[in-house]
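Right, one structure below, let's go through it.
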There are 2 protein chains.
Amino acid sequence: MKISKKSQYGLRGLFRLAESDEYLTMKEVAEKEEISPDYLEKIFTELEKAGFVKSKRGPSGGYALAMKPEKINLRMILESLEANLSLVECIDESCKRITDCPVAPTWKRLDQEVKSKLELITVKSIVDKNK
Amino acid sequence: MKISKKSQYGLRGLFRLAESDEYLTMKEVAEKEEISPDYLEKIFTELEKAGFVKSKRGPSGGYALAMKPEKINLRMILESLEANLSLVECIDESCKRITDCPVAPTWKRLDQEVKSKLELITVKSIVDKNK
DNA sequence: AAAAAACCGACTGTAACACTCGGTATTATG
DNA sequence: CATAATACCGAGTGTTACAGTCGGTTTTTT
């Protein structure tokens, strides 16, 4: 039950982009956050596909947020980077026991509660905390 | 970010024990919950070491709860069965960035909130829901 | 004595994680 | 127009936890 490094790195990367008005190169972000640039690049590619980030190639290129930082919350980030966000598979995948499983409703409620908490954490809220 | 099958099976096993006043054999529990008996046994051994369950050998032996079902909550179960319960490692393990990591406080708060939710879910509460 | 249970340790296959690397495409700048 | 800086892409790799399986041992009831 752990949030992957990938998601952790992704959040930290987004935080750095949110701090800056300019495009930042991946290398700059990687250095600030002490993350392997090669790996961070993969993550940014995914974040770009998810629409959180935009890029510019060539010299003076880099990455910048494609959305307002208050619009990007942790649930969205995790849903784009984690293989499967829900706490247990029995929620999305069709477990044939689901109708009579005594714990399924409990898992479902917990899952909702956690996701609600994740929605309250935005990139902006983290930036604001670090002023 | 997923709760392991091990923990899910463990919870379901405890639920079955809580339902019954008698000792249940592992095989009975495994059949009711459609879990591999061999695997469930390993889990029960761990639950016994954690003090949630007691066992009796020989014919008419089996397992029973060693604590009142309202005293066993999901946080306790997960902490005994999951390798490491916290959402991110940076909380327990000593990440050298922790003092200046911009997201560490956020993770820490979220982790606490989730654990509080887990404490509210007891074996008894699940039994009661299924009456 | 025999059978029914729990107990124990070693082993195995799979999949996700956390990268790494080599090369390609694009574009600002001199 | 050439070059260098950047993003882009796909394939490959080592490690670890998960999710079991299996064979045998010990205990205890009947």
Side-chain angles (χ1 to χ4, degrees), chain A residues 1-13 17 22-31 33-50 52-64 66 78 80-90 93 95, chain B residues 1-13 17 22-31 33-50 52-64 66 78 80-90 93 95:
Chain A
M1 193 196 170
K2 203 156 288 308
I3 287 168
S4 64
K5 290 252 185 250
K6 192 164 156 185
S7 296
Q8 296 180 45
Y9 293 165
L11 178 63
R12 281 156 59 187
L17 296 185
E22 316 273 307
Y23 277 73
L24 292 181
T25 68
M26 211 235 346
K27 213 180 149 194
E28 284 171 320
V29 177
E31 270 167 17
E33 287 298 326
E34 300 172 83
I35 298 167
S36 149
D38 281 328
Y39 193 33
L40 188 59
E41 187 193 273
K42 278 192 69 164
I43 296 168
F44 271 37
T45 303
E46 292 186 51
L47 292 174
E48 191 173 14
K49 279 184 186 138
F52 305 139
V53 150
K54 59 189 172 186
S55 68
K56 225 167 40 180
R57 286 184 174 190
S60 82
Y63 290 94
L78 294 181
S80 78
L81 294 179
E82 299 279 315
N84 184 345
L85 186 53
S86 48
L87 289 180
V88 293
E89 314 80 347
C90 71
E93 288 159 48
C95 170
Chain B
M1 191 195 170
K2 202 156 290 306
I3 287 169
S4 66
K5 291 252 185 248
K6 192 165 154 184
S7 296
Q8 295 179 46
Y9 294 165
L11 178 62
R12 280 156 58 188
L17 296 186
E22 316 273 308
Y23 276 73
L24 292 180
T25 69
M26 211 237 345
K27 212 180 150 195
E28 284 171 322
V29 177
E31 269 166 18
E33 286 299 325
E34 300 173 81
I35 298 168
S36 148
D38 281 329
Y39 193 33
L40 188 60
E41 188 193 273
K42 278 191 67 165
I43 297 168
F44 270 38
T45 302
E46 291 186 52
L47 291 174
E48 191 173 13
K49 279 183 185 136
F52 305 140
V53 151
K54 59 188 172 186
S55 66
K56 227 167 38 179
R57 288 184 173 190
S60 82
Y63 291 94
L78 295 181
S80 78
L81 295 178
E82 299 279 314
N84 184 344
L85 185 53
S86 48
L87 290 179
V88 295
E89 313 80 347
C90 69
E93 288 160 45
C95 171

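Letters A, B, ... are given to chains in the order of the sequence lines, protein chains preceding strands, and every chain is numbered from 1. Since the model is a prediction, treat every value here as computed from it, not as a measurement. The figures that follow rest on heavy atoms only: side chains count, while hydrogens, waters and symmetry mates do not.
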Quiz item: Rounding to a whole Å, what distance do you find between A:Lys56:NZ and C:dA28:P?
Solution: 7 Å

Quiz item: If each of A:Pro59 and A:Ile3 is mapped to the nucleotide of DNA chain C with the nearest heavy atom, which maps nearer the 5' terminus, i.e. the 5' end?
Solution: A:Ile3

Quiz item: For B:Asp38 and C:dA6, what is the distance between atoms CG and C1' respectively, to the nearest whole Å?
Solution: 12 Å

Quiz item: Looking only at side-chain N and O atoms, does A:Ser55 come under 4.0 Å of OP1 or OP2 in D:dC8?
Solution: yes

Exercise. Measure from CD on A:Glu34 to C1' on C:dA18 and round the result to the nearest Å.
Key: 17 Å

Quiz item: In terms of side-chain heavy atoms of B:Lys5, which of D:dG20, C:dT26, C:dT20 is nearest?
Solution: D:dG20

Practice problem: Compare the minimum distances between each of D:dG20, D:dC8, C:dT20 and the side chain of A:Tyr39, then state the nucleotide with the smallest one. | Solution: C:dT20

Quiz item: On DNA chain D, nearest-nucleotide positions of A:Gly61 versus B:Ala83: which is more 5'?
Solution: A:Gly61

Exercise. Grab the CD-C1' distance between A:Gln8 and C:dA16 for me, whole Å please.
Key: 15 Å

Quiz item: So what does A:Glu28 hit on the nucleic acid, given a heavy-atom distance under 4.0 Å: a base, only sugar-phosphate, or nothing?
Solution: nothing

Quiz item: With no angle test and no hydrogens, is the base of C:dC17 tied to the side chain of A:Glu82 by a donor-acceptor pair under 3.5 Å?
Solution: no

Quiz item: If each of B:Gly58 and A:Thr45 is mapped to the nucleotide of DNA chain D with the nearest heavy atom, which maps nearer the 5' terminus, i.e. the 5' end?
Solution: A:Thr45

Quiz prompt | Rounded distance in Å - NZ (A:Lys54) to P (D:dT6) | solution = 19 Å

Quiz item: If we only count heavy atoms from C-beta on, is the A:Ile35 to A:Val29 side-chain gap below 4.5 Å?
Solution: no

Practice problem: Please test B:Gln8 against A:Glu89 for side chain to side chain contact (heavy atoms under 4.5 Å, CB included), starting from the C-alpha separation and ending with a verdict. | Solution: CA-CA 10 Å; B:Gln8 295 179 46; A:Glu89 314 80 347; 3.4 Å; yes

Self-check item: From D:dT6, D:dT27, C:dT20, nucleotide with atom closest to A:Lys42 side chain
Solution: C:dT20

Exercise. To the nearest Å, give me how far apart OH (B:Tyr23) and C1' (C:dA4) are.
Key: 16 Å

Quiz item: Shortest non-hydrogen contact from A:Pro37 to A:Ala30?
Solution: CA-CB, 3.9 Å

Exercise. Report the distance from atom CD1 of B:Ile35 to atom C1' of D:dC18, rounded to the nearest whole Å.
Key: 15 Å

Practice problem: Remember a base hit wins even if backbone is also touched, and classify A:Tyr63 as base, sugar-phosphate or nothing at under 4.0 Å, heavy atoms. | Solution: sugar-phosphate

Quiz item: So, is A:Tyr9 near the phosphate of C:dC19, with a side-chain N or O under 4.0 Å from OP1 or OP2?
Solution: yes

Quiz item: Do any N or O atoms from the side chain of A:Lys54 and from the backbone of A:Tyr63 form a donor-acceptor pair under 3.5 angstrom?
Solution: no

Quiz item: Considering only heavy atoms from C-beta outward, does the side chain of A:Ser86 approach that of B:Met1 to under 4.5 Å?
Solution: no

Quiz item: What is the distance, rounded to the nearest whole Å, between atom CG of A:Leu81 and atom P of C:dC17?
Solution: 11 Å

Quiz item: Does the side chain of B:Ser4 come under 3.5 Å of the side chain of B:Glu82 through a donor N or O and an acceptor N or O?
Solution: yes

Quiz item: Among the nucleotides D:dC22, D:dC18, C:dA6, which one has an atom lying closest to any side-chain atom of B:Met26?
Solution: C:dA6

Quiz item: Looking across every strand, which nucleic acid part, if any, lies under 4.0 Å from B:Lys27 by heavy atom: base, sugar-phosphate, or nothing?
Solution: nothing

Practice problem: Look at B:Ser36 and D:dT21 and indicate whether a side-chain polar atom (N or O) is within less than 4.0 Å of OP1 or OP2. | Solution: yes

